[in-house]
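A quick write-up on the structure given underneath.
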Amino acid sequence: MIDLKALREDPDRYREGARKKRISVDIDRILVLDERRRAIQHQQDEIRAEQRRLEKEAGPRIGGLMGKLKAAQGEEKARLETEVAELRAKPAALKEKIQALEAEGAEANAALSEVLLTVPQPPDSEVPVGASAEDNIEVRRWNPPHFDPARSFSEQRGFEARSHEELIKALGIVDFERGVKVAGSRSYMLVGDGMRLHNAVLRYAFDFITEKHGFTPVSVPVVVREECMIGTGFFPAGKDQTYLVDEQSRGSAHDLYLTGTGEVGLMARHMEEILDESMLPLKLATVSPCFRREAGAAGRDTAGLYRIHQFDKVEQVVICRADEAESKQWHKAMIGIVEELLQSLELPYRLLQCCTGDLGPKNADMIDIECWMPSRGALDGQGRASGEYGETHSASRLYDFQCRRLNLRYKGESTGGKPVFCHSLNNTVAASPRILIPILEMYQRADGTVEVPRALRPYMGGREVIGG
RNA sequence: GGAGAGGUGGCGGAGUGGUUGAACGCGCCGGUCUCGAAAACCGGUAUGCCCUUCGGGGCAUCGGGGGUUCGAAUCCCCCCCUCUCCGCCA
């Protein structure tokens with residue numbers, strides 16, 4: 001949610017922000033609706049004030065007259081009755097006016113809040129302007145010793161890389177056929193060492209973020225109410241990317257939605273709260289299943305573990321004071337944690353500064369982290385992939401956009417005791433099975449077996465190899 | 001699924017038709033006392049929107065919506081949510 005007052009004062013900033021994000025939103029309509037709403041409210045307030053004045057003087061008079069009326073007779077009685085009726089009529093007339101205005105105001109309000117929810121957070125000025133992920137800008141790369149994605153896999157390793165799909169098939173560690181039988185396209189079932197490796201990564205990542213970096217472990221509901229989806233900024237824009245649990249047709253009051261990330265539960269946990277400044281920053285981490293419909297992605301990345309409907313993810317979230325420098329610092333820190341994790345897994349990666357067109361409605365700034373995946377990218381003459389970076393992490397900085405929607409505030413000395421919306425940030429720690437792609441492909445050996453990364457061995461019962 | 005109880009300010013908890021935006025307690029802030037602190041005592045302490053000559057003023061808000069009434073936290077209707085017991089169940 002953006003600040004309506006700020007929009008009123010500087011509508012161009014929001015026009016420009018939406019334009020840069022390639023999101024269409026009618027700012028003028030908001031200004032008109034806002035103007036109308038305020039005019040109506042103003043009228044309503046004045047009439048109400050008048051009504052209250054009347055009611056204060058008319059009440060006791062009516063009481064007095066009613067007393068006299070009991071004793072009165074004939075003309076006197078008729079006169080008193082008329083007077084009482086007059087006294088009663090005035091506020092009644094005002095009430096009708098108020099009700100008419102109320103209806104009008106409610107309409108304007110509803111229309112306004114609906115459009116307001118679609119106004120994206122303007123991107124930070126330093127975010128490069130661009131149309132889509134194509135225009136994202138590489139910030140830096142990191143390579144483990146003995147491997148550089150700039151040179152071919154075979155040159156460096158002495159054999160041709162197999163894709164994770166080939167490796168999986170040979171090792172029998174993912175059952176796509178039966179996954180599809182059970183749950184439809186983009187479904188899978190991890191089996192044996194596939195499931196073990198998946199769990200190992202998640203447990204490693206979870207311990208990494210909670211034990212090593214002090215984030216508080218929390219579990220999250222993954223079936224949530226709509227307020228949580230709106231509050232965290234995923235709705236209305238992402239509604240068709242989300243699975244709907246239709247409970248209304250069964251007589252329940254509300255439908256529920258499957259979350260696409262643990263971020264929803266972690267953030268929504270604190271909605272409608274006023275935190276004491278001393279509690280901040282809140283550093284939270286969870287591991288949860290994530291569900292994504294992948295609507296509009298038909299035909300893209302259909303094979304393998306890259307784009308699937310359900311996966312598990314360790315997620316980190318920070319809720320901090322409304323301080324630009326502080327939240328920027330947390331953004332860096334959260335990215336640093338992921339870099340440390342990927343380096344410990346010795347996976348080549350790069351950081352991308354996402355351009356405005358790739359940000360999504362809620363972000364002011366976003367850094368993607370991509371791991372090197374030998375099986376992706378353009379094919380050569382022999383049908384061999386050249387390898388390509390593939391997105392595995394995404395670090396978002398949102399200022400108070402999300403907390404405004406969630407009505408998540410804090411107060412303390414620095415706010416002068418007044419409640420102020422918090423800032424929030426989120427970043428992947430590890431999402432699996434997607435992260436298994438670079439792990440399997442980078443750790444494969446000439447004989448088709450896969451070495452277990454050193455960091456994961458404690459989580460694999462000390463095993464060093466999968467297969468063979 | 002069946003039966004019942006309840007939703008009031010940051011929290012606890014009064015309040016069943018008339019200056020009640022709301023007693024009282026806790027918490028918090030300021031002051032007195034003290035070398036300092038605690039205790040005690042005194043005072044203050046909701047949010048949102050709008051207007052403002054920046055002193056302040058107006059309106060709304062007691063789960064949500066509608067109704068009765070000159071007037072509703074209080075009465076009536078509908079809805080939502082939470083809790084307890086029973087049933088089922090990992």
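Computed from a predicted structure; not experimentally measured. The chains referred to below are lettered A, B, ... by the order of the sequence lines, with proteins before strands, and numbering in each begins at 1.
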>> I want to confirm an ordering. Mapping A/His254 and A/Glu46 to their closest nucleotides on RNA chain B, which one lands closer to the 5' end?
In response: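 It is A/Glu46 whose nearest nucleotide is closer to the 5' end.
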> Does B/G55 adopt a syn or an anti glycosidic conformation, taking syn as a chi angle within 90° of 0?
Replying inline: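 You should classify B/G55 as syn.
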Grab the [atom1]-[atom2] distance between [X] and [N] for me, whole Å please.
X: A/Asp276; N: B/C11; atom1: CG; atom2: P; answer: 14 Å
X: A/Leu101; N: B/C50; atom1: CG; atom2: C1'; answer: 14 Å
X: A/Ile47; N: B/C51; atom1: CD1; atom2: C1'; answer: 16 Å
X: A/Arg37; N: B/C50; atom1: CZ; atom2: C1'; answer: 9 Å
X: A/Lys411; N: B/U45; atom1: NZ; atom2: C1'; answer: 9 Å
X: A/Ile274; N: B/U45; atom1: CD1; atom2: C1'; answer: 14 Å
X: A/Met279; N: B/G27; atom1: CE; atom2: P; answer: 19 Å
X: A/Gln41; N: B/A60; atom1: CD; atom2: C1'; answer: 7 Å

If you check every side-chain atom of [X], which of [options] has the closest atom?
X: A/Ala49; options: B/G58, B/C80, B/C49; answer: B/G58
X: A/Pro419; options: B/C50, B/U82, B/U47; answer: B/U47
X: A/Arg409; options: B/C81, B/G58, B/U47; answer: B/U47
X: A/Asp45; options: B/C49, B/C59, B/C51; answer: B/C59
X: A/His42; options: B/U47, B/C51, B/G58; answer: B/C51
X: A/Arg225; options: B/G58, B/C49, B/C81; answer: B/C81

Distance between the [atom1] atoms of [N] and [M], in whole angstroms?
N: B/G65; M: B/G7; atom1: C1'; answer: 16 Å
N: B/C28; M: B/G4; atom1: P; answer: 43 Å
N: B/G67; M: B/C29; atom1: C1'; answer: 43 Å
N: B/U61; M: B/C24; atom1: P; answer: 24 Å
N: B/U52; M: B/A38; atom1: P; answer: 45 Å
N: B/A73; M: B/G15; atom1: C1'; answer: 8 Å
N: B/C88; M: B/C81; atom1: C1'; answer: 23 Å
N: B/U74; M: B/U8; atom1: C1'; answer: 11 Å

> Can we call the ring centroids of A/Phe235 and A/Tyr257 under 6.0 Å apart?
Replying inline: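 When the ring centroids of A/Phe235 and A/Tyr257 are compared, they turn out to be within the sub-6.0 Å range.
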> Under 6.0 Å between ring centres, would you say that holds for A/His213 and A/Phe208?
Replying inline: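 Ring centroids of A/His213 and A/Phe208 are less than 6.0 Å from each other.
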> Judged by modelled atom types alone, do A/Asp312 and A/Ser432 share a side-chain donor-acceptor pair under 3.5 Å?
Replying inline: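 On atom types as modelled, these side chains do not qualify, holding no pair under 3.5 Å.
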Could you tell me the Watson-Crick or G-U partner of [N], where both distances fall under 3.5 Å? Say none if there is no partner.
N: B/U19; answer: none
N: B/C89; answer: none
N: B/C59; answer: B/G48
N: B/A37; answer: none
N: B/G12; answer: B/C24
N: B/U82; answer: B/A5

> Among pairs that include at least one residue of residues 404-433 of chain A, which meet ring pair (Phe, Tyr, Trp, His ring centres under 6.0 Å), considering only residues two or more places apart or in two chains?
Replying inline: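 Applying ring pair (Phe, Tyr, Trp, His ring centres under 6.0 Å) to every pair that reaches into residues 404-433 of chain A, excluding sequence neighbours, yields A/Tyr399-A/His423.
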> Do the side-chain N or O atoms of A/Arg8 get closer than 4.0 angstrom to the phosphate oxygens (OP1, OP2) of B/C50?
Replying inline: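 Answer yes for this pair, as a side-chain N or O of A/Arg8 is under 4.0 Å from OP1 or OP2.
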> Are A/Arg38 and B/C49 close enough that a side-chain N or O sits under 4.0 Å from OP1 or OP2?
Replying inline: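 For A/Arg38, the contact criterion (side-chain N or O under 4.0 Å from OP1 or OP2 of B/C49) is not met.
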> Is the count of non-hydrogen atoms from other residues, nucleotides or ligands lying under 6.0 Å from A/Glu114 atom CD greater than 12?
Replying inline: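 At most 12 heavy atoms, drawn from other residues, nucleotides or ligands, come within 6.0 Å of this atom.
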> Is A/Arg434 close enough and on-axis enough to A/Tyr306, meaning under 6.0 Å and within 45°, for cation-pi?
Replying inline: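 Pair A/Arg434/A/Tyr306 counts as cation-pi.
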> Should the pair A/Arg457-A/Glu451 be classified as a salt bridge under the 4.0 Å nitrogen-to-oxygen rule?
Replying inline: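 Counted as a salt bridge, because a side-chain N and a carboxylate O are separated by less than 4.0 Å.
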>> Any base atoms under 4.0 Å from A/Arg404, or only sugar-phosphate, or nothing? Heavy atoms, all strands.
In response: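 The answer is nothing, as A/Arg404 stays clear of every strand by at least 4.0 Å.
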